[in-house]
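Being a predicted model, the structure only gives us computed values, none of them experimental. Both counts, for ligands and for their atoms, begin at 1 and track the order of listing.
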Amino acid sequence: MSQGYDLKLTVRETGLADFVRAYQNQEKYLTYCRACDNYGAKWSCSPMGIDTVEFLSPYSYVTVAAVQMVYHEDVVASTPEDRVKEVTLGTIMPVKAAFHDAMLDAEREVPGSITLSSGGCTLCRHCTRPGGAPCRQPSRMRYSLDSFGFDLSAITEDLLGIELLWCRGKLPAYYTLIHALLEREPTGGVVERVVRRQLFASDDRKEDNLKDCSR
Ligand code: SF4
């Protein structure tokens with residue numbers, strides 16, 4: 001594969017009430033949000049100006065989906081420290097865009113559902129929020145899981161068996177993106193089917209999808 005990494009998908013559906021009880025700690029995680037550059041700078045991020053309890057209240061189930069970008073060993077070994085940021089962004093941005101679009105498609109297949117995204121919105125090159133203008137793409141923008149005060153490390157470790165890795169001056173073995181679909185009823189695997197279809201088809205089609213979504 002030309003990108004130097006392989007994609008791996010892990011999906012789990014569970015009850016939303018248990019999920020909230022186990023993994024939401026707004027006080028703790030919104031403190032981290034306040035220290036992030038996206039705080040108040042993206043419409044997807046805190047402060048969101050919505051009642052999060054009310055937002056979650058129509059839903060009874062959640063499907064959590066993680067896409068790992070697992071680097072080939074030679075890529076990890078041969079990427080010098082001064083290229084780690086460039087390689088990281090070149091990996092994550094197109095996968096994040098394709099994953100976001102796949103989750104929007106899953107949302108369309110599950111009536112009454114809504115997606116929560118991974119980190120701050122990157123649909124536009126420059127978000128309108130700092131200038132005070134409305135979101136340019138409200139039909140495609142989705143709030144981030146982080147902004148609800150969810151503990152993403154615990155979710156990935158407990159529910160999906162994945163340890164989150166970060167770059168610490170060196171390319172990690174993999175990066176992980178986590179999205180979720182909030183649902184009124186169990187979906188019978190729609191998220192897994194749609195994300196596999198769009199990100200894991202043939203290598204050629206996958207690369208086309210990644211390029212198409214890399215805006
Ligand atoms: S869609 Fe554009 S304007 Fe809206 S939150 Fe995302 S980056 Fe900002």
Asker: Could you measure the distance from the OG1 atom of T31 to the CD atom of Q26? Nearest 0.5 Å is fine.
Answerer: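 It is 11.0 Å, given to the nearest 0.5 Å.
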Asker: Assess, by modelled atom type and distance only, whether the side chains of T88 and Y175 contain a donor and an acceptor separated by less than 3.5 Å.
Answerer: yes
Asker: Parallel, tilted or perpendicular: which one describes the rings of Y71 and Y5, with boundaries at 30° and 60°?
Answerer: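 Answer is perpendicular, since the angle exceeds 60°.
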Asker: With no hydrogens and no angle check, just 3.5 Å: does a side-chain donor-acceptor pair link Y143 and T52?
Answerer: no
Asker: Provide the tally of protein N/O/S atoms nearer than 2.8 Å to atom 6 (Fe) of ligand 1.
Answerer: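 Considering protein N, O and S only, atom 6 (Fe) of ligand 1 has 1 within range.
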Asker: Check whether more than 12 heavy atoms from other residues, nucleotides or ligands sit under 6.0 Å from atom CG of D37, and answer yes or no.
Answerer: no
Asker: Only pairs at least two apart or in different chains count here, so list each side-chain hydrogen bond (donor to acceptor under 3.5 Å, both in side chains) that has a residue in residues 148-159.
Answerer: Y23-D158, Y29-D151
